[in-house]
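Worksheet for the structure shown next.
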Amino acid sequence: MKIRHLLVGALAMLALNAATTAAASAADEWLINGEELTVKHEIFAEGTLTFCNDKGGPLGEQVCLRCAMLDKGNVGPTKFGEVTEVANSLGERDIKNCENTLKCPAPNLIEGKNLPWKTEVVLSGGEFKEKIGPGTGGEPGFEISCTIGGLAVASSCVGKNTLTLSNVAGGVNEMFPPNAEPSTCTPGGASQGLIEGTLLAFAAGTLSVA
């Protein structure tokens, strides 16, 4: 009987240790080649994004630009990171001559606002998310500049973003979901700014989230 009790106790301890180990190893974090990051690691994010201010025009009309992007930042340690540059496909921080989608013809310009932005990976509702939070000068945002009907348009939008992440061949897809919370714009006011599209985040080595 004593041996049986000892055996049951040993099995219980093994089960507890296994659960503790699994809990300790479970994390929402960036990985390079399947390994946890203990230091910062440079990454890039490439794709096409559409930037809109629903009331950014001189008559309060919607203004949107679609731009090819090649952003720069870093990830690590663990789940943390930052976006350091918002640039075009040539690596230019002033993103010029984007595709006009609504009344914002070339020459036009998109610029990142309040860089660098802090980021954090979280697991929510069975999906990996990337929260983009405040930068050095305030909330993350963008500025649109163009000319409409001979009038200069300067539109600025700021607000936190939460991206949906998914592991794919070549890196991690970062999608701005269609139900994202709109940002606050000048002119325009609250809930007028929106970013749509998907970027592929990649690095030297295989980038993933787990």
Passing candidate, side chain to side chain contact (heavy atoms under 4.5 Å, CB included) with Thr119, options Lys79, Lys131, Glu130, Glu174
Glu130

Nearest 0.5 Å, what's the [atom1]-[atom2] distance between [X] and [Y]?
X: Asn108; Y: Ser145; atom1: CG; atom2: OG; answer: 9.0 Å
X: Leu31; Y: Leu207; atom1: CG; atom2: CG; answer: 8.5 Å
X: Lys40; Y: Thr84; atom1: NZ; atom2: OG1; answer: 9.0 Å
X: Leu49; Y: Met69; atom1: CG; atom2: CE; answer: 5.0 Å

Between the main-chain N or O of Trp117 and the side-chain N or O of Asn114, is there a donor-acceptor pair closer than 3.5 Å?
no

When you measure from the side chain of Asn53 to the backbone of Val63, do you find a donor-acceptor pair of N or O atoms at a distance under 3.5 Å?
no

Could you note down all residue pairs passing ring-ring contact (aromatic ring centres under 6.0 Å, His included) where residues 139-169 supplies at least one of them, sequence neighbours left out?
Phe51-Phe142

Sort and list the pairs that fulfil ring-ring contact (aromatic ring centres under 6.0 Å, His included) and have at least one residue in residues 154-177, not counting sequence neighbours.
none

Show every donor-acceptor pair shorter than 3.5 Å between a side-chain atom in residues 183-198 and any protein atom, with sequence neighbours excluded, or say none if there are none.
| unit_1 | atom_1 | unit_2 | atom_2 | d |
| --- | --- | --- | --- | --- |
| Ser183 | OG | Gly193 | O | 3.4 |
| Gln192 | NE2 | Ala190 | O | 3.2 |

Take Leu200 and Val168 through the side-chain contact (heavy atoms from CB on, under 4.5 Å) test and state the conclusion after the steps.
CA-CA 9 Å; Leu200 173 65; Val168 297; 3.7 Å; yes

If hydrophobic residues (ILVMFWY) are linked whenever their side-chain heavy atoms come closer than 4.5 Å, directly or via other members, who joins Leu109 in its cluster?
none

Under 4.5 Å side-chain heavy-atom separation, chaining through any Ile, Leu, Val, Met, Phe, Trp or Tyr, what else clusters with Leu70? Say none if it is isolated.
Phe44, Phe202

Locate the shortest heavy-atom distance separating [X] from [Y]; write the atom from each residue and the value.
X: Val86; Y: Asp71; value: CA-OD1, 3.4 Å
X: Ala204; Y: Ile32; value: O-CG2, 4.0 Å
X: Pro107; Y: Asn97; value: CA-OD1, 3.6 Å
X: Ile148; Y: Pro105; value: CG1-CD, 4.4 Å
X: Pro140; Y: Gly133; value: CD-O, 3.1 Å

Taking the SG atom of each, are Cys104 and Cys64 under 2.5 Å apart?
no

For atom CD of Glu99, is the number of surrounding heavy atoms from other residues, nucleotides or ligands below 6.0 Å larger than 12?
yes

List the residues meeting side chain to side chain donor-acceptor pair (under 3.5 Å) with Glu92, not counting sequence neighbours, and say none if there are none.
Asn88

Pairing residues for Glu111 by the side chain to side chain donor-acceptor pair (under 3.5 Å) criterion, not counting sequence neighbours
none

Just do the side-chain contact (heavy atoms from CB on, under 4.5 Å) check on Phe128 and Asp28 with the steps written out, would you?
CA-CA 8 Å; Phe128 286 105; Asp28 315 331; 4.3 Å; yes

Donor-acceptor pairs are to be reported for all side-chain atoms of residues 157-166 against protein atoms at under 3.5 Å, with residues two or more places apart or in another chain.
| unit_1 | atom_1 | unit_2 | atom_2 | d |
| --- | --- | --- | --- | --- |
| Thr164 | OG1 | Lys129 | NZ | 3.4 |

Between [X] and [Y], is there shared hydrophobic-cluster membership here, with clusters defined by ILVMFWY side-chain heavy atoms closer than 4.5 Å?
X: Val83; Y: Val121; value: no
X: Leu123; Y: Val209; value: yes
X: Leu115; Y: Ile110; value: yes

Output all residues satisfying salt bridge (charged side-chain N to carboxylate O under 4.0 Å, His left out) with [X], sequence neighbours left out; order by chain, then residue number.
X: Lys118; value: Glu82
X: Glu143; value: Lys113
X: Glu85; value: Arg93
X: Glu42; value: Lys72

Student check: side-chain heavy atoms of Leu37 and Glu29 closer than 4.5 Å
no

So do Lys55 and Glu61 actually touch side chain to side chain, heavy atoms under 4.5 Å?
no

Let me see the working for Leu65 and Thr50 under side-chain contact (heavy atoms from CB on, under 4.5 Å), right down to the final yes or no.
CA-CA 6 Å; Leu65 291 175; Thr50 300; over 6 Å; no

